[in-house]
Amino acid sequence: MSGPYRLDGGALDRSRRLAFRFDGRRLTGHSGDTLASALLANGIRLVGRSFKYHRPRGIFTAGSEEPSALVELRSGAYREPNTRATVAELFDGLEAASQNHLGSLRHDLLAVNDLLAPFLSAGFYYKTFMWPKSFWERVYEPAIRASAGLGRLSGEPDPDRYDKGFLHCDLLIIGAGPAGLAAALAAGRSGARTILADEDFVMGGRLNAETHEVDGGCGTTWAADAVRELASMEKVRLMPRTTVIGAFDHGIFGALERCTDHLAAAAGKPRQILWRVYTKRAILCAGATERPIAFGGNDRPGVMLAGAVRTYATRFAVGAGQRVGLFTNNDDGWRTAVDLAAKGVRVAAVIDVRDRAPVAAVPDARVRMNSQVTATRGRHGLNGIVLATGERIALDCLAVSGGWNPNVHLTCHQGGRPVWREAIAAFVPGGRLPGGMAVAGAAAGAFTTAAALAGGHRAAIAALGEFGRPPAGGDPPVASDEASDVTAFWHVRDSRGRAWLDLQNDVTVKDVAQSHREGFRSVELLKRYTTLGMATDQGKTANVLALAIVAGQSGRTIAETGTTVFRPPYTPVPIAALAGRARGRDFRPIRLTPSHHWAERQGAVFVEAGMWLRAQWFPRPGESHWRQSVDREVLQTRGSVGICDVTTLGKIDIQGRDAAEFLNRIYANGFARLAVGKVRYGLMLREDGIAYDDGTTARLGDHHFVMTTTTANAVLVFRNMEFARQCLWPGLDVHLISVTEQWAQYAVAGPNSRRLLEKLVDPEYDISNAAFPFMACGEIRVCGGTPARLFRISFSGELAYEIAVAARYGEALMEALMAVGEEFDAVAYGTEALGVMRIEKGHAAGNELNGQTTARMLGMQRMVSKKKDCIGNILSERPAMNREDGLELMGFTPLDRTEELTAGAHLLAPGASAETANDEGWITSVAYSPALGSSVGLGFIKDGHARVGETVRAWDALQGKDVPVEIVSPHFYDPDGERLRV
Amino acid sequence: MSDSALAARTPLDAYGRTIGTVTLAEIAGLALVSAAVPRDGDEAFAAALAGGFGAVRPAAGDSALGTQPATRVLGMQPDQVFILFEAPDPDQAVPTAAAALGSAAYVTDQSDSWAMLRMSGAGVRVALERICPLDLDEQAFPEGRVARTVMEHLSVIILRDGPDSFLLMSPRSSARSFRHAVELSVENASVP
């Protein structure tokens with residue numbers, strides 16, 4: 001395209017015309033444009049409305065520091081608000097929309113807010129909307145939310161894919177301007193593994209925006225050649241469109257790569273990748289950000305940073321205006337006037353606050369030294385400025401330069417605080433830098449091209465030397481030092497109208513002064529009171545200016561005033577990128593039991609148990625309520641036989657000459673004399689004497705045990721045991737390995753369990769009661785030779801076994817068990833029936849082992865052997881844990897058998913008021929017992945065993961229940977254990 | 001007794017797929033045992049390993065090949081190796097290993113504990129960048145290196161068994177999640 005604003009030259013591919021829309025208007029640009037440059041090329045200066053006052057806003061910068069040109073990109077579920085037009089790469093079909101206005105962008109009804117500005121100054125919402133109190137939530141807040149805010153969310157799930165990843169390198173170079181390229185060349189040529197990351201889509205940094213010479217030729221060409229050379233190096237990874245967002249511990253950096261944001265469609269690939277980069281050394285070459293000068297009406301579209309105006313002309317071939325003025329306090333600003341004039345753009349005026357001779361000759365421009373801009377004119381865009389002298393100059397673009405701030409952000413992520421350097425009137429990196437980080441180029445305050453090139457080269461050589469890599473590839477590139485003299489100047493005191501500091505948050509010089517007057521004087525308080533430096537730009541163009549104003553107010557220096565703390569991320573990161581691929585079903589892994597697919601085929605209802613999915617019950621046709629299924633499973637198991645997948649229990653293989661001694665120390669009860677071929681129940685204590693896990697351990701050989709733990713504590717128990725093995729008793733010969741995944745294990749419970757198993761167990765194995773009694777174990781074979789393990793243990797209170805085969809046979813064994821069980825009307829039961837039967841039997845489980853439970857409370861105090869030492873033994877003897885009137889695990893039945901008990905109910909004496917002082921205990925587990933025909937509960941109550949037969953109340957305020965219950969034995973079912981020994 | 005033998009099911013149901021330049025294939029049917037070294041038994045263990053499998057005992061993080069083609073010994077921790085081998089009878093992994101090592105090691109069957117996935121092809125490292133936190137550069141992780149790590153919350157043992165080939169082992173119960181995580185990495189990293 002061509003037009004009054006499109007210039008010759010630039011780094012555009014003019015053969016590729018890209019069509020796009022802004023607020024529905026069809027426009028065109030070229031490949032190589034950003035949305036911002038394309039809008040300017042189309043003569044569009046008004047691109048949005050400001051956050052608070054709905055002031056017209058234009059494009060202010062040409063980079064990621066943009067505070068003003070925030071737009072919505074794309075449409076539908078893909079719509080993304082608050083996107084900076086200055087970093088949005090133009091593509092064919094891009095849809096963009098201005099944001100934050102009611103009605104059209106030009107006629108925003110909420111611009112009325114600007115008239116109310118005197119009432120909306122800093123901290124206004126802390127002082128107003130105080131009454132009536134109820135109005136805050138119902139009236140004020142919704143109204144404020146409706147009028148403020150930046151852009152609209154789609155309200156739909158983000159349809160894009162995101163990913164994460166891990167990268168490793170010797171040297172990470174952050175920023176690919178002159179310093180970064182020089183560093184990368186030095187590193188790459190020496191063969192170091194190097195990553196060069198840059199947020200731009202074209203590497204080269206300011207070299208692409210300036211007319212500097214490098215090595216006697218065009219700087220832009222030199223940069224392109226350098227990138228080509230780096231791309232050819234095997235050990236160098238170039239990462240354009242990648243922002244290093246944070247410096248974390250031990251040389252780890254976070255980086256966001258925008259993979260498909262510049263494409264019309266992502267084609268199923270991740271839109272963005274959040275990389276974790278492990279580095280040996282890093283060089284920050286992040287450059288510098290230009291800062292404005294505060295003066296009256298300096299937020300008007302058309303007022304831009306001078307370096308940005310130059311970038312648009314040189315790189316993007318766009319004249320930001322047709323009558324451009326310059327307002328500066330430094331030599332660098334003059335280059336904008338010179339470069340624009342050379343491009344044929346009319347430069348109408350140069351205003352320099354310094355009292356000295358003009359820095360350069362600018363043809364046809366009114367040059368005003370020792371002069372200041374006090375006001376701007378125009379409605380939706382600039383049409384003129386007023387100088388302190390009263391002189392009026394017609395302009396449609398004013399390029400402003402207040403000097404440059406090194407991008408020190410990443411140097412502060414580990415607690416470093418930047419230091420003030422008077423010579424350049426800016427903060428430079430200081431204090432403790434993140435480990436392994438060096439800084440080069442403009443980020444270190446070295447503003448000239450020559451200094452940047454040399455600094456980058458030097459930093460790379462130094463970093464390589466630290467890990468013993470000799471430099472290769474010769475001298476750094478040569479350039480000259482441009483004039484860059486600056487005189488600190490922040491604010492035009494004689495401004496007419498509001499002088500703006502933070503364009504994104506509508507913070508003015510007056511707001512900062514007011515904050516100071518009201519006592520919010522620390523920069524951290526100032527930030528929170530005025531919102532200065534918040535949101536997507538984090539005050540990149542505003543902060544230092546505001547600090548200077550604060551310093552001026554308080555009579556301190558800027559160095560004394562200090563900065564706010566810079567934290568990651570450097571630029572915004574979508575929440576979706578932080579989530580990566582962990583969404584929906586893939587939020588976390590799922591563990592499946594060996595019988596899972598079989599259970600699915602039976603229509604099982606599953607429950608999450610940690611990462612496991614376990615069958616909760618198996619509904620049969622005609623069952624409309626889960627209780628029907630569970631009652632049936634319980635009754636059928638107790639009446640004949642039931643089968644339950646118990647693979648999820650932790651299994652630990654323990655071998656060694658000292659394995660028995662090891663277990664003796666791990667468990668509270670004795671294991672040293674457990675016979676081979678026998679299983680024993682064991683209780684584990686924590687160091688503080690509290691019971692934390694229980695299970696059974698089988699002795700398969702003199703030096704070989706296999707332990708089961710609860711499902712929930714499988715990992716914790718293994719970890720604690722490994723700690724004990726390695727750190728507490730390294731002298732023992734004992735070895736542990738998890739076999740949870742190795743074995744598929746099923747409980748086969750009920751009076752017919754033996755008869756069922758006899759049909760599967762190979763005939764040479766005798767599992768009769770005499771040969772294989774209660775608590776026996778052994779290695780056997782099933783189904784014609786498949787090795788298996790059989791344990792005669794019972795959680796249900798019935799004659800029961802657990803049988804284990806290698807996991808690969810798990811599904812087949814389940815099918816075989818059910819097939820041979822048909823003649824016994826065998827039933828598969830889930831975790832719910834398992835729970836009912838263990839409650840009926842009075843076995844403790846997770847609800848009882850809640851981290852507050854002692855062995856005594858569980859009625860197991862005699863299990864804590866005093867003949868040996870074990871973990872937790874000593875501290876379990878603390879008096880308060882052994883009070884005679886302490887809590888004891890008991891059973892509870894409602895006096896009215898039709899009442900349902902609830903877990904969590906507190907136990908109160910009849911007539912006692914419901915308050916903590918009267919609390920006697922609580923109900924831990926409840927179930928409907930088909931065997932007893934009523935609801936039953938387990939729970940802890942003071943001095944329980946002495947109170948059997950007493951009536952108390954199970955009081956549950958959450959469920960609105962107050963049920964009289966009788967204290968009974970916790971063993972509701974077969975208290976003498978006759979059924980499991982037959 | 002039942003006379004119908006139990007049918008085995010592999011963790012990934014013989015999964016195999018090629019996406020772009022990367023091929024994923026379940027490795028099944030091999031025996032895998034852990035062998036722990038009894039206290040003060042290092043010399044005897046090294047001798048037994050050499051005699052029984054023809055392999056030099058690898059340090060933790062390294063692996064060694066045995067005389068049989070499929071045999072590889074993986075150094076898992078200072079006093080433990082995993083031995084991957086072809087057992088004449090897959091149900092007899094422990095007896096076979098125990099016969100080879102005698103009393104020089106405590107042997108435990110791990111054949112069914114891990115889903116094994118070989119990932120090979122030109123794009124394999126670029127795909128692994130998306131889930132593997134380890135540095136897999138040839139210098140840092142040469143052929144034969146083995147490590148335990150975490151990928152997408154899942155425990156993984158990774159062995160480089162070729163310039164562009166890795167054997168990944170992850171717990172059997174979460175094999176489906178693991179396969180999905182690896183597959184997604186390959187898809188995400190492949191060139192459209």
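Quantities reported herein were computed from a predicted structural model and do not represent experimental measurements. Letters A, B, ... mirror the listed sequences (proteins, then strands); counts begin at 1.
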Report the option among B:S174, B:S177, B:P133 that has the most heavy-atom pairs separated by less than 4.5 Å from atoms of chain A.
B:P133

Could you check if a side-chain atom of A:K269 sits within less than 4.5 angstrom of a side-chain atom of B:N188, using non-hydrogen atoms only?
no

Pick one of side chain, backbone, both or neither for B:R176, based on which atoms fall under 4.5 Å of a heavy atom in chain A.
side chain

Need one label for B:D79: side chain, backbone, both or neither, based on atoms under 4.5 Å from any heavy atom in chain A.
both

Counting C-beta onward and ignoring hydrogens, is there a side-chain heavy-atom pair between B:F141 and A:H168 closer than 4.5 Å?
no

Crowded around B:E86 CD? As in, over 12 foreign heavy atoms under 6.0 Å?
no

Nearest 0.5 Å, what's the CG-CG distance between A:D653 and B:D109?
9.5 Å

Region of B:P11 that comes under 4.5 Å of a non-hydrogen atom in chain A
neither

Hey, are B:E187 and A:R161 close enough for a salt bridge, meaning a charged N less than 4.0 Å from a carboxylate O?
yes

Quick one: what part of B:L128 sits under 4.5 Å from any heavy atom of chain A, side chain, backbone, both or neither?
neither

Under 4.5 Å from any heavy atom of chain A - which part of B:T108
both

Spacing of CZ belonging to B:R130 relative to CZ belonging to A:R581, to within rounding of 0.5 Å:
8.0 Å

Are A:P589 and B:F178 side-chain neighbours, meaning at least one heavy-atom pair lies under 4.5 Å?
no

Check whether B:A28 gets within reach of chain A through its side chain, its backbone, both or neither, counting any heavy atom under 4.5 Å.
neither

B:Q80 versus A:L736, closest heavy-atom pair with distance
NE2-O, 4.2 Å

